[in-house]
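Here the structure comes first, spelled out in structure tokens, and everything after it is commentary.
No experiment lies behind these values; they were computed from the predicted model shown. No hydrogens, no waters, no symmetry mates; every other heavy atom, side chains included, goes into these values. We count ligands from 1, going down the list as the structure has it; atoms in each ligand are counted the same way.
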Amino acid sequence: MEKRISGTTGLFTLLGSPVGHSGSPAMYNFSFQQQKLDYAYLAFDVKKEQMPQAIDALRLFKVRGSNVTMPCKSVAADLVDELSPAAKIIGAINVIVNDNGKLTGHITDGIGFVRNLKETGVDVAGKKLVVIGAGGAATALQVQCALDGATALTIFNRDDEFYANAEETQRKIKAAKPDVNVQVYPLADQEKLKEEIANADILVNATIVGMKPLNGQSLVDPSFLRADLVVADTVYNPLKTKLIEDAEKVGCTVAPGKGMLLWQGAAAYTLFTGKEMPTAEYQAYEAQQIGK
Ligand code: NAD
């Protein structure tokens with residue numbers, strides 16, 4: 001490290017709270033080192049109300065780019081100079097690129113989701129998706145799938161404060177991509193869920209159900225699954241949720257959330273550096289670290 005950091009080293013950051021658990025500094029610093037880029041990446045614990053100061057600091061210190069995580073993704077979108085088309089629709093960002101003082105916000109969660117499916121041989125173009133969830137991850141992937149050519153999206157959510165988000169996403173996608181058929185139903189309507197899954201190509205869990213401490217739980221009755229259904233999850237901890245395990249038992253093609261996490265990070269890396277992230281090398285390194 002002491003040989004890597006110099007007076008010219010460009011800084012990238014992660015802003016959000018908490019950030020201490022984040023894998024991003026390890027992943028990006030590994031990749032910078034692999035590709036001999038004179039960059040370093042550090043995480044800063046920043047609360048929502050501190051974001052205006054943090055954005056000013058990005059400008060002052062000429063920070064090259066930044067990731068933004070919870071709970072700062074929406075407020076950050078209001079503070080940058082420009083937004084990518086997906087970020088404009090979603091109203092949240094997880095990446096900021098500083099181009100000589102002009103800050104552009106992007107959102108790569110949906111890009112990572114689509115890429116993760118592609119890595120399993122599945123293209124969202126022309127597909128019908130059932131997505132359970134209406135929070136940050138759900139909204140990002142719903143909008144990206146619509147932008148990338150999905151023909152239909154059926155959104156289910158429980159009757160909580162996120163339900164209105166689903167209706168808002170339906171409205172926004174209708175305005176941006178009127179050909180995409182977006183429907184919203186309460187998750188309590190299990191007959192509808194069964195019927196919609198029966199007619200879908202891809203089923204997605206984008207809720208926190210399945211994530212620790214809700215691991216071992218799934219929102220989908222295994223009898224709704226069939227072998228030619230593709231099943232994806234946004235949850236990456238644990239690596240395999242109950243839904244993914246149930247889907248594997250039935251013989252479905254599966255795309256767990258860890259891949260989405262990797263590819264949203266890789267998409268950010270490309271925005272930061274203009275290069276492909278050395279994902280295979282990083283995965284090998286990560287596996288080696290876990291084995292230690
Ligand atoms: P969020 O808080 O914005 O949304 C939570 C969602 O879960 C809402 O739709 C809510 O209605 C639903 N929900 C909560 N409790 C529920 C319950 N008991 N039954 C049914 N629905 C319930 O969360 P988020 O940021 O969208 O994150 C969702 C999941 O996606 C988390 O596990 C998160 O770690 C993961 N995530 C993964 C990636 C990735 O790259 N793989 C990126 C972002 C988020």
Side-chain angles (χ1 to χ4, degrees), residues 14 16-19 21-24 27-28 48 67-77 86-87 90-95 106-120 130-145 153-170 184-190 193 203-221 231-244 254-269 277 279 283:
L14 170 64
S17 186
V19 291
H21 66 287
S22 171
S24 296
M27 182 174 81
Y28 290 118
K48 219 167 154 175
N67 284 118
V68 182
T69 188
M70 298 306 287
C72 302
K73 290 178 167 188
S74 302
V75 64
I90 295 162
I93 60 175
N94 71 329
V95 175
H106 303 259
I107 183 137
T108 62
D109 289 332
I111 296 171
F113 175 82
V114 169
R115 175 73 185 264
N116 190 31
L117 280 176
K118 203 162 259 174
E119 291 294 313
T120 66
V130 168
V131 183
I132 308 176
T139 306
L141 74 88
Q142 286 154 2
V143 168
Q144 194 66 45
C145 288
L153 281 165
T154 309
I155 305 170
F156 286 85
N157 207 76
R158 71 173 184 175
D159 185 14
D160 63 10
E161 70 275 21
F162 290 95
Y163 195 86
N165 278 0
E167 293 173 326
E168 178 69 2
T169 301
Q170 180 183 36
V184 180
Y185 297 103
L187 185 58
D189 189 347
Q190 287 289 300
L193 180 66
L203 167 68
V204 188
N205 173 51
T207 72
I208 59 169
V209 177
M211 180 173 80
K212 287 180 183 169
L214 301 179
N215 48 323
Q217 297 184 30
S218 166
L219 295 169
V220 181
D221 187 320
V231 178
D233 211 316
T234 60
V235 173
Y236 54 84
N237 184 14
L239 292 175
K240 282 187 186 178
T241 57
K242 171 147 191 323
L243 173 64
I244 292 291
V254 297
K258 185 75 197 287
M260 173 181 170
L261 185 68
L262 176 73
W263 292 113
Q264 63 80 24
Y269 187 85
M277 196 171 86
T279 46
Q283 280 175 304

If the cut-off is 4.0 Å to any non-hydrogen atom of [X], which atoms of ligand 1 fall inside it?
| X | result |
| --- | --- |
| Gly133 | 9 (O) |
| Leu219 | 19 (N), 20 (C) |
| Ala137 | 24 (P), 26 (O), 30 (O), 43 (C), 44 (C) |
| Asp160 | 10 (C), 11 (O) |
| Val209 | 16 (C), 17 (C), 18 (N), 19 (N), 20 (C) |
| Gly257 | 41 (N) |

So do [Y] and [X] actually touch side chain to side chain, heavy atoms under 4.5 Å?
| X | Y | answer |
| --- | --- | --- |
| Val209 | Ser218 | no |
| Leu262 | Met27 | yes |
| Leu193 | Leu187 | yes |
| Asn205 | Val235 | yes |
| Thr169 | Val143 | yes |
| Val75 | Val68 | no |
| Trp263 | Val114 | no |
| Asn67 | Tyr28 | yes |

Is it the side chain, the backbone, both or neither of [X] that has a heavy atom closer than 4.0 Å to ligand 1?
| X | value |
| --- | --- |
| Ile208 | both |
| Thr207 | both |
| Gln264 | side chain |

So which protein heavy atom does [atom] come closest to, and at what separation?
| atom | answer |
| --- | --- |
| atom 2 (O) of ligand 1 | Phe162 CZ, 3.5 Å |
| atom 3 (O) of ligand 1 | Gly136 N, 2.9 Å |
| atom 35 (C) of ligand 1 | Thr234 O, 3.6 Å |
| atom 4 (O) of ligand 1 | Gly135 CA, 3.4 Å |

At a 4.0 Å cut-off, with the gap strictly under it, does some heavy atom of Gly112 reach an atom of ligand 1?
no
Among Glu161, Arg158, Met260, whose heavy atom sits nearest atom 16 (C) of ligand 1?
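It is Arg158 whose heavy atom sits nearest to atom 16 (C) of ligand 1.
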Heavy-atom proximity to atom 34 (O) of ligand 1, best of Met211, Lys212, Lys258
Met211
Does the Tyr163 side chain pair with the main chain of Ala134, one donor and one acceptor, at a distance under 3.5 Å?
no
Short side-chain to backbone donor-acceptor contact, Asp233 and Pro256, under 3.5 Å:
no
Measure the CD1-OG1 distance between Ile208 and Thr241 for me, rounded to the nearest 0.5 Å.
13.5 Å
Is there at least one pair of N or O atoms, one from Asn157 and one from ligand 1, spaced under 3.5 Å apart?
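Yes, at least one N or O pair falls under 3.5 Å.
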